[in-house]
There are 2 protein chains.
Amino acid sequence: MPLERLSSQKCFGGWLQRFRHRSAALDGDTVFAVYLPPQAEQGKKLPVLYWLSGLTCTDENFMQKAGAQRLAAELGLILVAPDTSPRGPDVPGDPDGAWDFGLGAGFYLDATETPWSRHYRMHEFVVDELPALVEAHFPASDKRAISGHSMGGHGALVCALRNPGRYRSVSAFAPVANPMHCPWGEKAFSHYLGADRARWREWDASVLIGQAREMLPILVDQGERDAFLVEQLKPAVLQAAARAANYPLTLRIQPGYDHSYYFIASFIDDHLRHHAAALCG
Amino acid sequence: MPLERLSSQKCFGGWLQRFRHRSAALDGDTVFAVYLPPQAEQGKKLPVLYWLSGLTCTDENFMQKAGAQRLAAELGLILVAPDTSPRGPDVPGDPDGAWDFGLGAGFYLDATETPWSRHYRMHEFVVDELPALVEAHFPASDKRAISGHSMGGHGALVCALRNPGRYRSVSAFAPVANPMHCPWGEKAFSHYLGADRARWREWDASVLIGQAREMLPILVDQGERDAFLVEQLKPAVLQAAARAANYPLTLRIQPGYDHSYYFIASFIDDHLRHHAAALCG
């Protein structure tokens, strides 16, 4: 799989690069960003944190706004950010042009329904294809961590919970924690997965956490003034499910913070250290 | 002068807020952003770093992408970022719609020529009106520092050099260091200031540094792979002028870095510490 390098920019002594390539899982071209810390030039394989962004985002939002490169450069962590959905002229989007479904809103699952199932396979892409690509083309080890924001927080939790052994560490910012019972999730799941709600359970962190075969400690930060907290995010459901399953979840409600990247930037260092402890220990 | 608060977002324990107000200097409404670190709630007046952004930017770019709030919160520095030009339905822009002149490209000077002189008075706004507003409405002291990027680096240097006593500290990232002898500057100055190049000298840091009545140590960072370095930025001219005048300028050429906010983010902490040493000492 050849990678076309779109850009390369020095950042905190390392390099932020963007690549376009043909994805088998997504049946089309896609773009991802990778931050290579200065240690990447020393010939050793480095652990990787995969970051999944939220609705409407691309590979760029996290790299531009989270301020994660500073500490990643210090810790020797590679950061990888994929796009949030398939894109391209033949990829169907929301029929009404809404921002909460379709393009920019792949929900990190593998769609089963027509016309979505041909391209909307972000779960397979994130869990299998992207790490294989990263580990083949960069000085990246198979020590993987995963995190994300909002829809991407949901994605990070679900990718880790569905794939024991694949990640050493997981965290999330303001995740859509119980998607089968919130408007964003219900819209996405009903299109991508069909009307049978029993199949939605396979893509809902608050269900999966009760069936977990692996107990990776989860760190979740949630802004207390997040406008989406009550209707869309529902961290209390995830917390209750974790308690019932005796699953190690740390949920921090951060007073005054909203849903934005200013919230993420404020706490990203804690998440990087959470992951580094698992990846580098 | 009433301020209309447009937003307020918690960030690193402090608050990032945006305000719209009527500006006398700009003869119209303008927007600025202020970051109040956590110490702002303790009743003491805090020093202020004014940040001037580059071509095409607004008050938002720096706050979203530079990652300055983290250390500002630690140091107890207020950050203030104005827009880069007047805006509004009656503000003339570039006749050809170009991005390097007019809207988003005020060049931080006081225009003398029709039709620019009515609104394009960013120097007066930045040096006088904005600090008066900030010091009246926020827990801000009159200990001021100024910095900026590209066109805003030019702005920061010129504001400091033209106004001895007004700032305690100045720095710049990739400043347009000799605007009267580069395409961006020549275009802007010929419109805003007219054809008489003798008057351009009052707005060119490489000229002003030779006439300085106050020796504020200047820190300049410049990316070595900056695509605008040779044609537009010309830090060597500033350095030669500083040497001739025995002016304390530290120019750091940073290998591999470009003109982007990834460059700024990589070195913003050094600049904040440079300013804090002068402001808090």
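Convention: sequence-line order gives letters A, B, ...; per-chain numbering from 1. Just so it is clear, the values below take in all heavy atoms, side chains as well, and ignore hydrogens, waters and symmetry mates.
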Between A/F12, A/W15, A/F263, which shows the greatest number of heavy-atom pairs under 4.5 Å with chain B? A/F12
Taking atom types as modelled, is there a side-chain donor on B/S171 or B/H271 under 3.5 Å from an acceptor on the other? yes
Which answer fits B/Q254, side chain, backbone, both or neither, if we ask what part of it has an atom under 4.5 Å from a heavy atom of chain A? neither
Which atoms of B/Y261 come close to chain A, meaning under 4.5 Å heavy atom to heavy atom: side chain ones, backbone ones, both, or neither? neither
Are A/L49 and A/I78 close enough that some pair of their side-chain heavy atoms sits under 4.5 Å apart? no
Distance alone, cut at 3.5 Å: any donor-acceptor contact between the side chains of B/H21 and B/T30? no
So do the side chains of A/P139 and A/K44 get within less than 4.5 Å of each other, counting heavy atoms only? no
